[in-house]
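Everything on this sheet refers to the single structure shown next.
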Amino acid sequence: MKSGSNLEGLLEKGEFVITGELGPPKGTDVEVVKKKAAMLKGNVDAVNITDNQTAIVRMSSIATSKILIDEGLEPTMQMVARDRNRLAIMSDLFGASALGIKNMLCLSGDHQSFGNHPEAKNVFDIDSIQMIHMVKTMRDEHKVICGDEIEGDFKMFIGAASNPFADPFQYRVHRLAKKIEAGVDFIQTQCIYDMKRFKEFMKQVVDMGLHEKCKILAGITPLKSVGMARYMAANVSGIIIPEEIIDRLKGAGKEKVASEGIKITCEQIQELREIEGLSGIHLMAIEWEHKVQEIVEAAGLLPRSVL
Amino acid sequence: MIIADRKPFEEIKESVKDYNKIMVLGCETCVAICQAGGEKEAEILASELKLAFGNEGKKVEVNDEIVIRQCDDEFMSDTAFLEKVKEADVVLSIACGVGVQHSCNYFNRIITEKPIRVIPGLNTTFMGANIDVGLWEERCLGCGDCVLERTGGICPITRCAKSLLNGPCGGSSNGKCEINKDTDCAWHLIIERLEALGELERIKPVEKYKDWRPSHSGGPRRMVREDLRL
Ligand code: SF4
Ligand code: SF4
């Protein structure tokens with residue numbers, strides 16, 4: 001085992017996994033974390049802890065991950081290259097490992113101009129692909145990248161993101177291949193609404209045999225309202241929401257729009273399970289953690305097994 | 001070339017308001033070409049200052065001068081010119097940041113009677129090219145270890161908002177960068193160019209960590225050319 005994490009173990013066993021997501025509070029309120037954690041517990045196999053997502057300052061992903069461990073959940077700590085240079089990343093990884101964090105996600109990070117401190121200077125000493133390579137070097141060669149030996153154990157299950165909907169489309173699969181070459185163990189995709197384009201992407205993945213070299217989890221975000229769908233399509237980079245989904249939400253009416261959103265999500269999960277090369281779902285129910293159990297249950301994915 | 005932009009007039013006026021003899025000093029090279037700090041701009045700024053202070057009933061002497069390059073001693077060594085510098089209370093340099101610092105350093109080396117005050121009238125913005133009439137874009141950050149050979153002649157360090165060496169990121173959309181729709185995604189351009197050249201294979205291997213020592217991260221840079229030194 002590369003990390004001994006539950007997520008790694010389940011994926012190795014060939015289980016169809018489901019991961020969740022938790023955004024830390026914009027401050028020190030631990031209760032917020034605990035409340036969200038309680039809603040996710042038992043319903044997902046691991047939980048991504050975002051790292052100053054959309055460049056908005058929040059409780060650190062390391063600290064939040066540790067709180068999750070204490071609450072009996074398994075975190076996947078996200079880490080962005082925007083805010084840390086190679087020294088800070090490696091040092092934080094030692095700290096994370098010492099605190100019992102076993103999964104991580106290597107990301108470039110949204111540009112700071114999106115966030116609440118657009119005046120900030122960014123770092124980008126290394127990019128997400130180099131970060132993958134760095135963590136793999138640390139784990140497999142037991143060295144930091146300058147070649148110095150690491151004192152003590154360092155284990156980590158290395159994840160990264162892939163956006164099949166960004167451009168240029170024909171190059172996206174090659175970028176995934178690069179992440180695999182760098183040493184990624186698992187991939188979580190951007191949320192999928194355009195199933196046709198995603199299937200095309202997965203066909204390329206399977207044709208190149210990439211699904212045999214790393215585990216791929218399909219990203220899903222349930223839509224709560226027509227407004228949310230429109231907002232995401234317009235403001236979140238690389239999200240395409242087909243008109244027919246928007247029409248379905250509209251058609252459901254104000255009262256039933258949320259349940260229609262959940263219904264769409266369950267249908268998407270069923271459709272995704274049929275696609276060759278996928279090993280699970282990454283469910284990003286943004287500020288909708290209380291609906292996760294309902295969704296996972298309706299999708300027939302409960303109970304979750306724990307190793 | 002170096003691109004610069006004039007500071008807001010109010011900021012300039014505020015910065016020189018305590019002096020009676022002001023010399024606006026233009027530079028005939030980069031900043032003249034991007035029409036921020038050449039001879040014409042020096043004249044205009046001097047007249048604007050005269051007018052603004054005049055309207056307030058303040059008696060201020062404002063002159064404008066021009067040199068070919070403020071980043072080189074030899075273009076500033078004229079005795080009559082140096083005499084005028086000495087007489088001024090302040091030199092308002094509208095060269096790039098290099099010119100402001102170098103003219104200041106030169107004047108204070110040559111003129112021993114009194115310290116010379118030099119302040120900037122421009123914001124130096126970037127190293128770039130003239131893309132169209134009235135349009136300049138950044139092209140190089142002077143990273144000290146050029147990668148253009150591998151990236152189809154398009155610089156990812158400068159033109160990618162995240163300086164990614166293994167791009168494009170997930171924010172690239174319709175050829176534009178996630179930061180705004182006016183900015184091309186550098187990696188989209190790189191892929192298109194390499195595809196046209198039949199060299200897409202070049203970016204398939206993982207580009208390793210960059211050594212930033214030759215860049216500004218290694219501290220202020222210095223270049224010694226022994227073959228040129230006396
Ligand atoms: S790679 Fe470095 S030297 Fe070359 S254009 Fe880009 S910033 Fe300038
Ligand atoms: S969209 Fe393109 S240029 Fe902008 S940060 Fe991403 S890769 Fe770089």
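A note on names: the letters A, B, ... follow the listed sequences, proteins ahead of strands, and every chain is numbered from 1. Keep in mind it's a predicted model, so treat the numbers as computed, not measured.
The environment of B/Lys58 atom NZ is dense: over 12 non-hydrogen atoms of other residues, nucleotides or ligands sit within 6.0 angstrom. Heavy atoms of other residues, nucleotides or ligands lying less than 6.0 angstrom from CD1 of B/Ile68 number 12 at most. Within 6.0 Å of CZ on B/Arg221 lie more than 12 heavy atoms contributed by other residues, nucleotides or ligands.
Of the atoms belonging to A/Ile239, not a single heavy atom falls under 4.5 Å from chain B. Neither the backbone nor the side chain of A/Phe169 comes within less than 4.5 Å of any heavy atom of chain B. Heavy-atom distances place no part of A/Arg82 under 4.5 Å from chain B, backbone and side chain included.
Across every non-hydrogen atom of B/Lys204 and A/Glu181, the tightest pair is O-OE1, 3.5 Å. For the pair B/Ile179 and A/His111, the tightest heavy-atom approach, listed with the atom from each and the gap, is CG2-CG, 3.3 Å. Between B/Cys169 and A/Ala166, the shortest heavy-atom distance links the atoms O-CB, 4.3 Å. Closest of all the heavy-atom pairs between A/Phe124 and B/Trp212 is O-CZ2, 4.1 Å.
Atom CD1 of A/Ile126 sits about 13.0 Å away from atom OG of B/Ser163, to the nearest 0.5 Å. Atom CG of B/Asn166 is separated from atom CZ of A/Arg175 by 7.0 Å, given to the nearest 0.5 angstrom. The OG atom of B/Ser217 lies 7.5 Å from the CG atom of A/Asp125; values are rounded to the nearest 0.5 Å. Here the straight-line distance linking atom CE of A/Met134 with atom OH of B/Tyr209 works out to 6.5 Å at 0.5 Å rounding.
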Show me the side-chain donor-acceptor pairs of residues 188-200 of chain B shorter than 3.5 Å, one per line, residues at least two apart or across chains.
| from | atom 1 | to | atom 2 | distance (Å) |
| --- | --- | --- | --- | --- |
| B/Arg193 | NH1 | B/Gly152 | O | 3.0 |
| B/Glu199 | OE1 | B/Arg202 | NE | 2.8 |

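Taking the side chain as every heavy atom from C-beta outward, A/Arg172 and B/Pro168 approach each other to under 4.5 Å. Contact check for A/His133 versus B/Lys208: side-chain heavy atoms found under the 4.5 Å cut-off.
Among A/Ile132, A/Asp167, A/Asp110, A/Asn163, the residue with the largest count of heavy-atom pairs under 4.5 Å with chain B is A/Asp167. Ranked by heavy-atom pairs under 4.5 Å with chain B, the first of A/Gln170, A/Gln130, A/Lys179 is A/Gln130.
The side chain to side chain contact (heavy atoms under 4.5 Å, CB included) test with A/Ile129 singles out one residue from B/Leu164, B/Leu165, B/Val206, and that residue is B/Val206.
Using a distance-only test at 3.5 Å, with no hydrogens or angles considered, no donor-acceptor pair links the side chain of B/Lys162 to the main chain of A/Val123.
With sequence neighbours excluded, no residue forms a side chain to side chain contact (heavy atoms under 4.5 Å, CB included) with B/Ser47.
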